[in-house]
Amino acid sequence: MRILLRVKPGTSRTAVGGRYDGPSGPALVVAVAARAVEGQATKAVLDAVAAEFGVRRSAVRLVRGATSRDKLVEVEGEENDIRERLERLLA
């Protein structure tokens with residue numbers, strides 16, 4: 001399942017949750033402590049998404065947005081579980 005993300009790098013702690021209504025539609029907000037330097041924030045985002053959705057890190061793949069705050073990721077797993085968890089996180 002593909003999920004739009006809005007990344008907030010350089011925060012005091014990592015958190016997944018909240019909604020950002022951007023030009024591409026609603027996106028899940030992911031805040032990470034890592035800075036946007038040499039892909040550190042992107043790696044931290046993928047780790048946080050995997051942990052939040054209860055999947056292995058290898059089940060989360062960046063599709064678009066390696067250097068952008070707006071990212072598109074693909075999460076492999078039970079689609080109904082992922083969709084249900086996403087709806088809760090966006091609320």
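These numbers were taken from a predicted model, which means no experiment stands behind them. Just so it is clear, the values below take in all heavy atoms, side chains as well, and ignore hydrogens, waters and symmetry mates.
- For residues 14-24, every residue pair satisfying the side-chain hydrogen bond (donor to acceptor under 3.5 Å, both in side chains) rule, not counting sequence neighbours, is listed here: R19-D21.
- V29 and I82 fall into different hydrophobic clusters, where Ile, Leu, Val, Met, Phe, Trp and Tyr residues are linked whenever their side-chain heavy atoms come under 4.5 Å apart, directly or through other members.
- Side chains of P9 and R69 form a contact here, defined as non-hydrogen atoms less than 4.5 Å apart.
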(request) Check the pair K43 / L62 against side-chain contact (heavy atoms from CB on, under 4.5 Å), numbers first and verdict last. (result) CA-CA 10 Å; K43 181 187 178 308; L62 181 67; over 6 Å; no

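- For A48 against V30, the heavy-atom pair with the smallest separation is CB-CG1, 4.3 Å.
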(request) Step by step, work out the side-chain contact (heavy atoms from CB on, under 4.5 Å) result for D81 and F53. (result) CA-CA 8 Å; D81 292 342; F53 284 91; over 6 Å; no

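- With hydrogens and angles ignored, the 3.5 Å screen pairs a side-chain donor or acceptor of R57 with a backbone N or O of V60.
- Between R64 and L4, the closest side-chain pair of non-hydrogen atoms falls below 4.5 Å.
- Atom CZ of R88 sits in a crowded spot, with more than 12 heavy atoms from other residues, nucleotides or ligands closer than 6.0 Å.
- The shortest non-hydrogen separation linking Q40 to R35 is CB-O, 3.6 Å.
- No donor-acceptor distance shorter than 3.5 angstrom exists from the side chain of R2 to the backbone of L72, with no hydrogens or angles considered.
- Using a 4.5 Å heavy-atom threshold, the side chains of L28 and E52 count as separate.
- A side-chain donor-acceptor contact under 3.5 Å links K71 to the backbone of G65.
- For D70, the side chain to side chain donor-acceptor pair (under 3.5 Å) partners at least two apart in sequence or on another chain are R6.
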